[in-house]
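Everything below concerns the one structure shown next.
Values in this document were obtained by computation on a predicted structure and should not be read as measured data.
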Amino acid sequence: MSVWFRSIRAKVWLCVTIVLMGYFAATLVGFYVNIYQYKRLTHLQATHIPLTTLGNEALKQFEQQTEEYEDAFLLAEVELSEQASEMNNDVLNPLDQLIQVTKTHPTSPVDLTKLQQVRKDYLQLTAMAEQLHTKIANNIFSTTSQTEIQRFSEAQRNFADELHSLATTLNNALLLEVEQHKNRALNSIILLSVLFMVVLFIVALSVSQVSSALLVAPLKNIQENIERFEQGLSLKKPALENNSDEIGQLAAAFWNMTEKLGRTTVSKNYVDNIINNMSGALVVLRPDLTIHKVNPQTQDLFGFSEEELIGQPLTLLVDCDQDAHNSPERIKKLFRGESIRNTEICATSKSGQEIPLHFSGAPMYDDLGNLNALICLFDDVTELKQAEAKLKQLAHHDPLTGLANRNLFFDRLQHALHDAKRHGRIFALLYLDLDKFKPINDTLGHEFGDLALQEISKRLQETLRGDDTVARIGGDEFIIILNGLPDINAAVPLAEKVIRTILTPIQIGSLSHQLGVSVGISVFPGDGKDTDTLISTADKAMYVAKHSGGNGYSGAGHDYTCCIDPAE
């Protein structure tokens, strides 16, 4: 490789040159295509448009003249006949111009001989009209005259057909030419798009090859040396060949620098660079517990500027007396010279926003053992806390309705059972199974079914008391824990209220559907003294209500079974 190509700048300019050449070639092709289109449009403007215009003008004038002649010969009016004759030039002029344009443009869509024949036919027609005009002027009317008028009308119709055919040919030729231009323009766009994509691919491939050879490999060598330096291992000296460029020289310079750093005292600038490039917030405290130094991440986290923090006590960021749960005693360990690692605290930003943090700290001593500074590290764990809350929500709640799931339900049921046994209280279970729900999925679709379940869940939450629990335990099955009942029959009005709530038609958009519900009731302690028995009893009672026609409730060990009319 020549000396010139040892330079990164030269190789970059080579890539740039390739790019420019590719786009120059693409531009030339685009320029040629546009010139070609320009020539075609010029030809269209000079030939097809004038021809079409003249053909339509000749036809229009002849049709007006024909109407004038018809009125003149029908009414035998000399003046009307003269007016029609005066229009001869209006028809002949477009025809003459058509002939002239056709002579100068051999690519005309109509034959010159045909145009000349059309002109000749028109002159014969005008001669016939002149003879009829003379007879009208001399008041000569006979059977022969009527025959001549009919003959003239027939000639007019034939000539009109000729002009129609001529105008149609010219119009079709114009439309065909326009359509061809559209197709050529589309092909040009496709060609240019493909060309630019090819150029882009070549550029990307060139850049990839150059970057791999000139940047990736040398920088990887630098990265490996950094990792070895962090681990205290000896560094790998980069090979400097005759064709090494600036990146290779940089690798060698970095190796020399790290070799010297390993044998010298760490400089202040080096420490500052480390502090400023840390991922977490760092605060350096003086022995009097005032802030001595902060990194940019601290300013971003708490919203204070460096000037607002320097010289201020740490309590500006973390108030050690604000909340015993927020670890003031653990933070005070740092002030007594004890290290702290990953302590969870809650700090407050300048705007007043609470920020959950992981806090670590350690004291720094001088050579004489005196406390020199305190190093405090803060890591924002807001996203971690949000993720934990989301996982907790998913673990204990139904993802579709937001109600308690089976896990949370059994936990609440165990708690209600222990509380009832300890204090001698009564609670009930309502086992709900929706009626007429399957037709929703079959006819209205699963999306409407999901929306219906969400609406039912919302109604149940609004209907029940604050200390009750409603859970979704399966497709269209729900179970409710009614806590603190005064007697065993107190669950009945609540069951009726639930049934009436669900019987209200569900309106989603333009669709409406009325559901029903079958409710089974079991009461502690009469219907069972453990969770399995209570659930099983309520489940059986629910099937009794369902087999009784639905829209009702049943209590398995109690004298109540009722069905509610949906129309009520």
query: With a 4.5 Å limit on heavy-atom distance, are the side chains of Ile426 and Pro486 in contact?
result: no

- request: Could you walk me through whether Phe302 and Phe378 pass ring pair (Phe, Tyr, Trp, His ring centres under 6.0 Å), step by step?
  value: CA-CA 10 Å; Phe302 293 99; Phe378 301 92; 5.7 Å; yes

query: Can you check whether Ala281's main-chain N or O pairs, donor with acceptor, with Asn295's side chain at less than 3.5 Å?
result: no

query: Of the non-hydrogen atoms in Lys546 and Leu434, which two are nearest, and what is the gap between them?
result: NZ-O, 3.7 Å

query: What distance do Asp532 atom CG and Thr537 atom OG1 have between them, rounded to the nearest 0.5 Å?
result: 10.5 Å

query: Heavy-atom distance under 4.5 Å between the side chains of Val294 and Leu282, does that happen here?
result: no

statement: For Asn551 and Gly516 the tightest heavy-atom approach is OD1-CA, 2.8 Å

- prompt: For Ala491 and Ile521, which heavy atoms make the closest approach, and how far apart are they?
  reply: CB-CG2, 4.0 Å

message: Working note: Met364 + Ile375, criterion side-chain contact (heavy atoms from CB on, under 4.5 Å); need CA distance, chi angles, decisive distance, verdict.
response: CA-CA 7 Å; Met364 292 183 62; Ile375 306 298; 3.3 Å; yes

statement: Per side-chain hydrogen bond (donor to acceptor under 3.5 Å, both in side chains), Arg459 is matched among Glu455, Glu462, Gln461 by Glu455

- request: Find the distance between CG (Leu408) and CG (Asp398) and round it off to the nearest 0.5 Å.
  value: 11.5 Å

- request: Report yes if some heavy atom in the side chain of Ile291 is under 4.5 Å from a heavy atom in the side chain of Val284; otherwise report no.
  value: no

task: Give a yes or no answer on whether the side chain of His423 reaches the backbone of Asp419 with a donor-acceptor pair at less than 3.5 Å.
output: no

task: Can you see which heavy atom on Ser554 is nearest to which on Val544, and at what distance?
output: OG-CG1, 3.5 Å

- prompt: Does a side-chain heavy-atom distance below 4.5 Å link Phe304 with Gln299?
  reply: no

task: Measure the NZ-CZ distance between Lys421 and Phe524 for me, rounded to the nearest 0.5 Å.
output: 5.5 Å

message: Working to the nearest 0.5 angstrom, can you tell me the gap between Leu309 CG and Lys293 NZ?
response: 12.5 Å

field: Nearest heavy atoms of Leu430 and Ala495, plus distance in Å
entry: CD1-CA, 4.2 Å

- prompt: Are Leu460 and Ile502 side-chain neighbours, meaning at least one heavy-atom pair lies under 4.5 Å?
  reply: yes

- prompt: Would you call Phe427 and Leu413 a side-chain contact if the rule is heavy atoms closer than 4.5 Å?
  reply: yes

task: Applying side-chain contact (heavy atoms from CB on, under 4.5 Å), run through Phe410 and Ile535 and close with a yes or a no.
output: CA-CA 10 Å; Phe410 281 106; Ile535 294 173; 3.4 Å; yes

message: Could you check whether atom CZ of Phe448 has more than 12 heavy atoms from other residues, nucleotides or ligands sitting under 6.0 Å from it?
response: yes

message: Donor-acceptor check, side chain of His513 to backbone of Ala452, threshold 3.5 angstrom: yes or no?
response: no

message: With a 3.5 Å distance limit and no angle check, can you tell me whether Asp411 reaches the backbone of Asn407 through a side-chain donor-acceptor pair?
response: no

message: Assess, by modelled atom type and distance only, whether the side chains of Thr469 and Arg412 contain a donor and an acceptor separated by less than 3.5 Å.
response: yes

query: Salt bridge between Asp468 and Arg465, side-chain N to carboxylate O under 4.0 Å?
result: yes

query: Are Ile456 and Ile506 side-chain neighbours, meaning at least one heavy-atom pair lies under 4.5 Å?
result: yes

query: Side chains of Arg472 and Leu453: does their closest heavy-atom pair fall under 4.5 Å?
result: yes

- request: Mind running side-chain contact (heavy atoms from CB on, under 4.5 Å) on Ile473 and Asn405 for me, showing each step along the way?
  value: CA-CA 6 Å; Ile473 58 173; Asn405 61 11; over 6 Å; no

message: Is it the case that atom CD in Gln507 sees more than 12 heavy atoms from other parts of the structure closer than 6.0 Å?
response: yes

message: What's the separation between atom CD in Gln312 and atom CD in Glu307, rounded to the nearest 0.5 Å?
response: 12.0 Å

- prompt: Is there a donor in the side chain of Ser536 and an acceptor in the side chain of Asp539, or the other way round, less than 3.5 Å apart?
  reply: no

message: Nearest 0.5 angstrom please: Leu429 CG to Thr533 OG1, how far?
response: 11.0 Å

Expected output: side-chain Gln514 to main-chain Leu503 donor-acceptor under 3.5 Å: yes

- request: Assess the side chains of Asp435 and Ser518: does a donor N or O sit below 3.5 Å from an acceptor N or O?
  value: yes

field: Exercise: identify the closest heavy-atom pair between Phe409 and Ala471
entry: CB-CB, 3.7 Å

task: For side-chain contact (heavy atoms from CB on, under 4.5 Å), just list the numbers for Gln454 and Leu400, CA-CA rounded to whole Å, side-chain angles, deciding distance to a tenth of an Å, and then say yes or no.
output: CA-CA 7 Å; Gln454 292 173 348; Leu400 176 63; 3.3 Å; yes

